[in-house]
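What follows is one structure encoded as structure tokens, with my remarks underneath.
Throughout, residue positions are numbered sequentially from 1 according to the sequence presented.
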Amino acid sequence: MNMNKRIVTGAIIGTLGVSTIFGAMQIPVKAVEYKNVLTNESYSQIINEVTTTDATAQTVREGIEKEETVYAKADASGNVSQVIVSDWIKNYNNDAIITDKTTLNDIVNVKGDETFTQDANGEIVWQANGSDIYYQGTTDAQLPISIHATYKLDGVEIQPSELEGKSGQLTIEYTYDNNSKVAGSDMYTPFTVVAATMLKTDNFANVTAENAKVISDGDKYVVVGVAMPGLKDSLDLGDNTKVPDSITIHADITNYEPITVLNVATADLLNEINLDDKDQLKDLADAMDELADASKKLVDGSADLSDGLNELRDKTSEYTDGVTTLTSNLNDYIAGVAKVTSGIKTLYNGSGELTKGVSSLATGAKSLNTGLKQASDGVNSLVTNFDSLASGASSIKTGADSLNTALKQLEAGKQAENEAYATLAATVENNEKIIAALKAAGVDESLVGMLEKNTAGQKQIADGLATSGAQIKAGLSQAATGASSLADGSTTLSSGITKMKKGAKSLQSAMGELTAGSKTLLDGANKLNSAAGTLSTGIKQLYDGSTTLDAASTKIKNATPKLDDASSKLVDGVKTAADGGKTLKDGMAEFDRDGISKLIDTVDGKLGDVIDKFDDLQDAASQYTIFTDANSEFKSNVKFIIELN
């Protein structure tokens, strides 16, 4: 639409609301509530509603004014079957006699007892007696506005008589034809038509309209539309300019019932528009410069957009290659996650036994330490007893008895010691198995190293205990032999005591080392027992994390096909966008070249012509004041109400 077309149609449509249109027509809104405006029973009431004016307004007027309202009854397709004209002669001077002219037939006074006479030339003389005159009549004259209504149900044209009771998607188009040419020109009288209808929500839903507004209060839809038939041709605006000459209603219908559409037409509305302000033309010129600059920026912007989309299209392949690489390696990743999860699960299942074993190790180490202390005390006592035996042969028997008692104690302690040795050896073997499992599970190397060190020490101690245990056993055997042979002779006893003392010294020294090793073992076992709880908690957290990781891996695997599909769609979408960007770029260049530039040339050359034609239309509108006839001295105005039912 070029600028001269915009300023005219914008002034006609954009600056006038529905309330302004009704105000310019001077039609009370209540008038559209009547369903049968042409029935004999309601006609007089309608006349009263339409013609009632404010008394204060009458006091400031002079002379005689004739207001004519033309009512037309038409069927649902727009075919007119009856036309009744109502004339209101406003007698502001309170004249006793009023002489008027009319072409109506069957004239009747509809509001009063005033009489009239009429001659063959159409002159009609009323005995007004100072009152206003309200009369009506009929005519066969063609209306200046014709309406053609078409109906489509689910896209197929249908006669309105066949619609009742049906359901589906309905489209009704009301097309308005202007039959009134301005004398001596190709222009049409500038009629504005306002159409209104009410649709029940019981039968109509999802109502939309073209060239009309739709309002709903929950019980009904109110549709009000505007048409200006012939205006586009009168102003020679061209095919690219849209000036409404039709109203279209779309709706979903259920059990369709016939509707009533009231159409009010007048030529007065065009006179409300003023284009005499010359500053508007200057503003228009400035706006055209801004429009030209904006168009150039749009051309440059569309070119930049096209270049960017082309670059995006080129880079998209890199993205899709990355997606392909990712998805192809996902299977290996997921398989690795499954293996890690399986191993951690095994570790988690065995962590309870590990904790129990560590606890047993600590308990055994404590028992070992206690037993070794007792054994050490016994060895020290043995050494002391050996010294006592050497002091005199007289104490041999007593010493032999003491030795025999001590040997029995040593034998009992040795039994407990041997059991502790067995527990220690089993613990060492179990620790070695635990360390191997921890290594396989990938547990912290520092912790595993500590366990290896402690286990190595335990193994050394266990080996030493086994050796010393054998020595002790041999010594005890010898001591027992000596004790048995003690009675046989002091010489043998003395020799045995010497050997036993030597062995006891060795045993005492070994017991010191064994006790120190047992202390180290006990400290290590206690630390390991303390760390077992933390280790168990860590394994539990590791297990929970691996379970979450495994679930996430499954989701990633399930999402991979969607990612591949989305990548494919992205490539297609970017390609389409790039093609669209080129189309936009070319289109904007063409729009600037063939549209905006030509628009500026057109406005510069034709704006004056359009304004001149608009002035002529306003003159024609001001001259169209009566449909039938009137006394040339009267001020008159006319409006049309066409009811489709």
Side-chain angles (χ1 to χ4, degrees), residues 346-381 406 408-441 443-473 476 507-543:
T346 302
L347 174 63
Y348 175 72
N349 292 334
S351 62
E353 296 298 324
L354 172 64
T355 303
K356 290 180 182 179
V358 170
S359 178
S360 298
L361 172 63
T363 302
K366 183 177 181 181
S367 299
L368 174 64
N369 185 260
T370 301
L372 286 174
K373 186 177 184 304
Q374 293 175 351
S376 179
D377 292 343
V379 171
N380 290 335
S381 298
K408 288 181 179 181
Q409 292 176 349
L410 282 175
E411 187 177 359
K414 188 63 179 68
Q415 181 65 28
E417 182 181 358
N418 287 339
E419 293 176 358
Y421 293 165
T423 300
L424 179 59
T427 301
V428 169
E429 183 178 356
N430 189 42
N431 286 350
E432 289 176 341
K433 292 179 180 180
I434 292 172
I435 290 170
L438 291 176
K439 283 183 176 181
V443 177
D444 185 15
E445 293 181 356
S446 61
L447 178 59
V448 175
M450 184 178 71
L451 291 175
E452 284 183 318
K453 182 177 180 180
N454 289 339
T455 303
Q458 292 171 11
K459 182 174 178 59
Q460 182 179 2
I461 292 169
D463 293 339
L465 287 173
T467 301
S468 62
Q471 293 175 349
I472 291 172
K473 184 178 180 181
L476 288 174
L507 178 60
Q508 188 179 37
S509 177
M511 285 299 297
E513 294 177 1
L514 182 59
T515 301
S518 177
K519 178 70 166 55
T520 302
L521 172 63
L522 180 61
D523 292 341
N526 288 334
K527 290 180 181 179
L528 180 61
N529 191 36
S530 298
T534 302
L535 175 62
S536 179
T537 301
I539 292 174
K540 177 64 168 62
Q541 293 175 347
L542 181 62
Y543 175 75

Inset, instruction - Any pair with a residue in residues 429-439 that passes salt bridge (Lys or Arg N to Asp or Glu O under 4.0 Å), sequence neighbours left out, goes on the list, sorted by first then second residue, please. - result: Lys439-Glu452
Inset, instruction - Heavy atoms only: give me the nearest Ile435-Val448 pair and the separation to one decimal. - result: CG2-CG1, 3.9 Å
Inset, instruction - Please round to the nearest 0.5 Å and tell me the distance separating atom CG of Leu447 and atom CG of Leu438. - result: 7.0 Å
Inset, instruction - Please list, chain by chain and in numerical order, all residues satisfying side-chain hydrogen bond (donor to acceptor under 3.5 Å, both in side chains) with Asp523, sequence neighbours excluded. - result: Lys519
Inset, instruction - Could you check Thr520, Thr427, Asn431 and say which one makes a side-chain hydrogen bond (donor to acceptor under 3.5 Å, both in side chains) with Gln458? - result: Asn431
